[in-house]
Amino acid sequence: MTLPLSPDELLTTTRTVRKRLDLSRPVPLQLIRECVEIALQAPSGSNEQSWHFMVVTDADKRAAVGEVYRQQVARYAESTRFAGRMFADRPERSRVQQRVGDSVLWLGEHMGRVPVLVIPCLRTGKPVPEGNQAGLWGSLLPAAWSYCLAARARGLATAWTTLHLGREAEVARILGIPDGVHQGALLPTAYFTGTTFRPAAREPVDSVWHENTW
């Protein structure tokens, strides 16, 4: 069963969820399989379909990945780019960023307890090239986002995270991911508390719209 969401509702209410992830409610693996099946309909360069989805439900492995993530969040929280300190010169935006920062810290402490961790991966068989990698990751990230949308439609919540990638090799060893397979994100997946989500505040479209010339 999927929620009665219009396409626009699905696209505007699929949020990065942290504090509202339900850590106590098990997630049926069949729901995750359905979401991955939907994700496989995404585009990929040359129709290569070189994606893979690492689904982590084992408690010990979730805890191990969660500990890597916790340490990475702690480093991030000390950096100048930490979400909670951004836009300090804009009080209204700063308040939003402080809430985001608080939720980032919360997820850092609880990632290992989220019922399902999903890591979308891309098999390249060789090192990731230097320079512009848009073409490479364009064959994985649309599928990862389709997974998030499919999860939302099934009453699940996800969070798009990438902080663990600074220690990608360590996570690969924990999960037995072979050489030549590169991780693109870490998507904690769970039911959510509360009832639903609403669209987030965003900058006006005119602030990002460039017509014919910048």
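Heavy-atom basis, side chains included; hydrogens, waters and symmetry copies ignored.
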Output yes when a side-chain donor or acceptor of [X] lies under 3.5 Å from a complementary backbone atom of [Y], and no otherwise.
{"X": "E168", "Y": "L165", "answer": "no"}
{"X": "Q97", "Y": "G84", "answer": "no"}
{"X": "R202", "Y": "P199", "answer": "no"}
{"X": "S94", "Y": "P91", "answer": "no"}
{"X": "T2", "Y": "A153", "answer": "no"}

* To do: Walk me through it: do R154 and L3 pass the test side chain to side chain contact (heavy atoms under 4.5 Å, CB included)?
  => CA-CA 6 Å; R154 286 160 176 76; L3 301 178; over 6 Å; no
Taking every non-hydrogen atom, the tightest pair across [X] and [Y]:
{"X": "A185", "Y": "I119", "result": "O-CG2, 3.2 Å"}
{"X": "S103", "Y": "R18", "result": "OG-NH1, 3.0 Å"}
{"X": "Y191", "Y": "P28", "result": "OH-CD, 3.5 Å"}
{"X": "S44", "Y": "Q49", "result": "OG-N, 3.1 Å"}
{"X": "Q183", "Y": "V171", "result": "OE1-CG1, 3.5 Å"}
{"X": "C121", "Y": "V181", "result": "CB-CG1, 3.5 Å"}

Heavy atoms, side chains only, cut-off 4.5 Å: are [X] and [Y] in contact?
{"X": "P115", "Y": "P26", "answer": "no"}
{"X": "L186", "Y": "M111", "answer": "yes"}
{"X": "V55", "Y": "T189", "answer": "no"}
{"X": "L156", "Y": "L31", "answer": "yes"}
{"X": "W51", "Y": "R123", "answer": "no"}
{"X": "L105", "Y": "V73", "answer": "yes"}
{"X": "W137", "Y": "L122", "answer": "yes"}
{"X": "R20", "Y": "F197", "answer": "yes"}

Does [X], at its [atom1] atom, have more than 12 non-hydrogen atoms belonging to other residues, nucleotides or ligands within less than 6.0 Å?
{"X": "Q30", "atom1": "CD", "answer": "yes"}
{"X": "R33", "atom1": "CZ", "answer": "no"}
{"X": "R90", "atom1": "CZ", "answer": "yes"}
{"X": "E48", "atom1": "CD", "answer": "no"}

Are [Y] and [X] linked, directly or through intermediate hydrophobic residues, by side-chain heavy-atom contacts shorter than 4.5 Å (ILVMFWY only)?
{"X": "L141", "Y": "V128", "value": "yes"}
{"X": "M54", "Y": "W160", "value": "no"}
{"X": "V100", "Y": "L187", "value": "no"}
{"X": "W145", "Y": "F53", "value": "yes"}
{"X": "V65", "Y": "V104", "value": "yes"}

* For T158 and Y147, run side chain to side chain donor-acceptor pair (under 3.5 Å): C-alpha distance rounded to whole Å, both residues' side-chain angles, the deciding distance at 0.1 Å, then the answer. => CA-CA 9 Å; T158 58; Y147 168 85; over 6 Å; no
Do the side-chain N and O atoms of [X] and [Y] include a donor-acceptor pair separated by under 3.5 angstrom?
{"X": "R167", "Y": "Q71", "result": "yes"}
{"X": "H164", "Y": "E170", "result": "no"}
{"X": "T14", "Y": "R152", "result": "no"}

* Between R85 and T80, does a side chain to side chain contact (heavy atoms under 4.5 Å, CB included) hold up when you go through it step by step? -> CA-CA 8 Å; R85 286 191 289 272; T80 58; over 6 Å; no
Rounded distance [0.5 Å steps], [atom1] in [X] versus [atom2] in [Y]:
{"X": "L117", "Y": "T161", "atom1": "CG", "atom2": "OG1", "result": "8.5 Å"}
{"X": "T193", "Y": "K19", "atom1": "OG1", "atom2": "NZ", "result": "11.0 Å"}
{"X": "S50", "Y": "H182", "atom1": "OG", "atom2": "NE2", "result": "10.0 Å"}
{"X": "E67", "Y": "E109", "atom1": "CD", "atom2": "CD", "result": "8.5 Å"}
{"X": "R75", "Y": "Q72", "atom1": "CZ", "atom2": "CD", "result": "5.5 Å"}
{"X": "L5", "Y": "L11", "atom1": "CG", "atom2": "CG", "result": "10.0 Å"}

* Sequence neighbours left out, what passes salt bridge (Lys or Arg N to Asp or Glu O under 4.0 Å) with R93? Give chain and number order. =>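 Checked R93 against salt bridge (Lys or Arg N to Asp or Glu O under 4.0 Å); matches are E203.
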* To do: Show the numbers, then the answer: is there a side chain to side chain contact (heavy atoms under 4.5 Å, CB included) between E78 and F82?
  => CA-CA 7 Å; E78 295 175 354; F82 179 57; over 6 Å; no
* L10 and T13: CA distance, side-chain angles, deciding distance, side chain to side chain contact (heavy atoms under 4.5 Å, CB included) verdict -> CA-CA 6 Å; L10 179 63; T13 64; 5.6 Å; no
